[in-house]
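Atoms within each ligand, like the ligands themselves, are counted from 1 in listed order. Being a predicted model, the structure only gives us computed values, none of them experimental.
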Amino acid sequence: MQTSRLTAEHHIFRETLRTFIQKEIVPHIEDWEEKGEIDRNIWKKMGAMGFMGLNYPETYGGLELDFYYSMIFCEELSHCFSGGFAISALVIQYMSAPYLLKYGSEELKTRYLKPVIAGELISAVAITEPGAGSDVKQIKTTAVREGDDYIVNGSKTFITNGYYGDFFITAVKTAPDQGSKGISLLLIDRNAIGVTANKIKKLGWHASDTAELGFDNVRVPASQLIGTEGEGFHYLMNGLQLERLTAAIHSLATADSALKYTLDYISQRDVFGKKVQEFQSIRHRIAQMVADMATTKAFVQQCCDLQNRNEYAVQECSIAKLQASELAVQVINQCIQLFGGYGFTEDYKIARLYRDVRVGTIIGGTSEIMLEIIAKITIDKVNYSSNIAGSK
Ligand SMILES: Cc1cc2nc3c(=O)[nH]c(=O)nc-3n(C[C@H](O)[C@H](O)[C@H](O)COP(=O)(O)OP(=O)(O)OC[C@H]3O[C@@H](n4cnc5c(N)ncnc54)[C@H](O)[C@@H]3O)c2cc1C
């Protein structure tokens with residue numbers, strides 16, 4: 001996105017990142033998509049460049065940059081034609097590690113956050129359960145205090161980076177009878193005794209490992225509690241605004257890539273003695289997509305400004321996620337149509353984008369949940385300044 005906030009330094013950063021992606025990531029995408037596994041060396045390379053700690057303090061190895069660098073990061077990663085790769089990176093930097101930075105003890109930051117920023121450890125966030133997705137309060141995984149440990153029992157599902165990741169920021173019930181006040185966050189190591197993980201086969205995001213997790217009497221040191229017991233729900237609802245904004249940026253950038261790719265195709269494909277791009281109905285369809293994208297982008301840019309000022313923008317981030325993810329699905333649906341039968345083959349990358357973009361309206365709070373939040377604010381005058389944004 002082009003915002004007047006971007007300086008020469010931001011543009012240089014974009015170029016550096018773009019060059020890195022072309023050299024170190026793009027050549028491996030096909031392989032990672034096919035294997036369903038990202039070579040973890042890439043995180044180390046990205047860590048060495050500072051890309052995994054853009055908005056983290058220097059004390060922990062971060063670069064302490066403003067949010068526009070993160071906006072650029074989300075956009076550029078989304079242009080590499082693999083939603084799976086992009087989401088794995090976004091989950092690490094914007095959807096899981098922030099809980100460690102904001103609420104983790106210094107010991108946890110040293111042991112886990114620093115290595116994440118260096119690209120040595122992969123983090124995940126484990127909230128969703130087989131019986132509780134949108135309604136986070138209904139989670140059933142328990143953590144019962146026993147001496148210096150918690151004993152964790154339960155299961156999670158759809159966890160991005162859940163199979164090859166190293167640890168999970170896990171939502172657990174420490175006081176099951178206290179509703180949202182009984183939820184806490186625990187850092188659970190992937191290799192702890194009693195943790196099992198199975199990969200889930202998915203429609204898209206093939207490069208990314210999505211897992212169901214089992215916790216069978218997993219002993220977790222109490223020192224791995226993140227923040228205060230019983231505050232987990234507040235922490236999660238706070239964190240979801242950043243998650244939704246980065247998801248919105250990702251959706252729009254994916255649609256941008258699809259549109260550029262499609263423009264290239266229709267400028268070359270001959271039908272009835274003309275290029276596809278010469279038919280007026282198609283030109284208008286493209287123009288409408290450009291117009292829709294431009295207005296949504298302007299709104300998402302405004303949300304980036306709010307994020308950069310650290311403002312707690314529940315309504316804005318919900319609108320951004322809703323509009324951007326729904327629009328991206330519509331745009332890529334139209335793009336695939338313009339490829340004709342070739343769009344339905346694996347010979348063209350539009351097929352992958354079509355599969356990958358679909359989940360945008362589901363993850364990090366579905367479109368229905370975004371509408372619920374916006375309706376509560378608009379109709380019921382709910383004030384989320386207390387940092388609790390209801391359901392996921
Ligand atoms: C590929 C992938 C990766 C994911 N990664 C992660 C991750 O890393 N960590 C994690 O914790 N979770 C992750 N998720 C889970 C994701 O956040 C949930 O799938 C999502 O929140 C929806 O929950 P659910 O699937 O249980 O659907 P449900 O909550 O069962 O919803 C079913 C349907 O009911 C609708 N609905 C629910 N409530 C309402 C309402 N009040 N009004 C109207 N309609 C409603 C929903 O919109 C949906 O259409 C991932 C999911 C996928 C598919």
Side-chain angles (χ1 to χ4, degrees), residues 33 36 38 82-99 122-141 154-173 183 185-188 190 197-215 226 232-233 235-237 239-244 246-247 250-251 254 318 321-322 325-326 329 352 355-377 379-380 382 389-392:
E33 283 281 322
I38 297 162
S82 169
F85 175 72
I87 198 62
S88 290
L90 300 188
V91 162
I92 296 170
Q93 185 153 204
Y94 302 106
M95 303 178 188
S96 54
Y99 295 106
I122 301 168
S123 57
V125 58
I127 309 168
T128 307
E129 297 188 358
S134 304
D135 191 358
V136 177
K137 292 189 201 84
Q138 295 306 320
I139 63 164
K140 297 276 183 280
T141 298
S155 58
K156 297 285 171 186
T157 194
F158 299 133
I159 307 309
T160 305
N161 299 341
Y163 195 78
Y164 298 116
D166 298 297
F167 66 91
F168 322 118
I169 307 293
T170 316
V172 293
K173 281 261 169 95
I183 296 177
L185 296 186
L186 271 189
L187 188 155
I188 302 183
R190 167 74 171 86
N198 294 308
K199 256 196 202 181
I200 298 171
K201 281 192 174 177
K202 311 185 293 294
L203 172 71
W205 279 6
H206 289 165
S208 152
D209 53 305
T210 309
E212 47 185 21
L213 306 175
F215 303 115
I226 296 172
F233 188 74
Y235 299 161
L236 289 174
M237 294 306 132
L240 284 171
Q241 310 321 314
L242 177 60
E243 176 166 343
R244 286 171 187 157
T246 51
H250 170 60
S251 290
T254 305
S318 306
K321 160 82 169 52
L322 172 72
S325 61
E326 291 286 344
V329 171
R352 186 188 301 149
R355 285 196 300 265
D356 286 354
V357 79
R358 185 61 190 85
V359 77
T361 67
I362 296 170
I363 46 132
T366 64
S367 290
E368 289 77 11
I369 293 302
M370 296 306 98
L371 289 168
E372 256 318 278
I373 294 170
I374 300 160
K376 280 183 193 161
I377 293 171
I379 302 166
D380 305 334
V382 171
S391 49
K392 183 168 153 224

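- Closest to atom 28 (P) of ligand 1 by heavy atom, among Gly133, Gly364, Gly84, Ser134, is Ser134.
- Which parts of ligand 1 touch Trp205 is read off a 4.0 Å heavy-atom cut-off, strictly below it: atoms 1 (C), 3 (C).
- Counting atoms of ligand 1 from 1 in the listed order, those under 4.0 Å from a heavy atom of Ile363 are 2 (C), 3 (C), 4 (C), 50 (C), 51 (C), 52 (C).
- Pairing each heavy atom of Lys202 with each of Ser208, the nearest pair is NZ-O, 2.7 Å.
- For Tyr163, the OH atom counts as loosely surrounded, since its 6.0 Å shell holds 12 or fewer non-hydrogen atoms of other residues, nucleotides or ligands.
- Proximity to Thr366 (heavy-atom distance under 4.0 Å) selects the following atoms of ligand 1: 22 (C), 46 (C), 47 (O).
- An N or O contact shorter than 3.5 Å is missing between Ala126 and ligand 1 by distance.
- At a heavy-atom cutoff of 4.0 Å, ligand 1 is contacted by both the backbone and the side chain of Thr160.
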Side chain to side chain contact (heavy atoms under 4.5 Å, CB included) between Val136 and Met237, worked out: CA-CA 10 Å; Val136 177; Met237 294 306 132; 4.1 Å; yes
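- Contacts with ligand 1 closer than 4.0 Å are made by no heavy atom of Asn161, backbone or side chain.
- For the residue pair Ser155 and Glu212, no side-chain donor N or O sits within less than 3.5 Å of a side-chain acceptor on the partner.
- The only member of Leu187, Ile122, Ile169 that meets side-chain contact (heavy atoms from CB on, under 4.5 Å) when paired with Ser96 is Ile169.
- Within ligand 1, counting atoms from 1 as listed, the ones closer than 4.0 Å to a heavy atom of Ile159 are 7 (C), 8 (O), 9 (N), 10 (C), 11 (O).
- The minimum heavy-atom distance between Val357 and Val329, with the atom names listed, is O-CG2, 3.7 Å.
- Contacts between Val359 and ligand 1, counted as non-hydrogen atom pairs separated by less than 4.0 Å, involve the side chain only.
- Thr128 and Gly133 make their closest contact through CG2-CA, 3.9 Å (heavy atoms, listed as atom of the first residue, atom of the second, distance).
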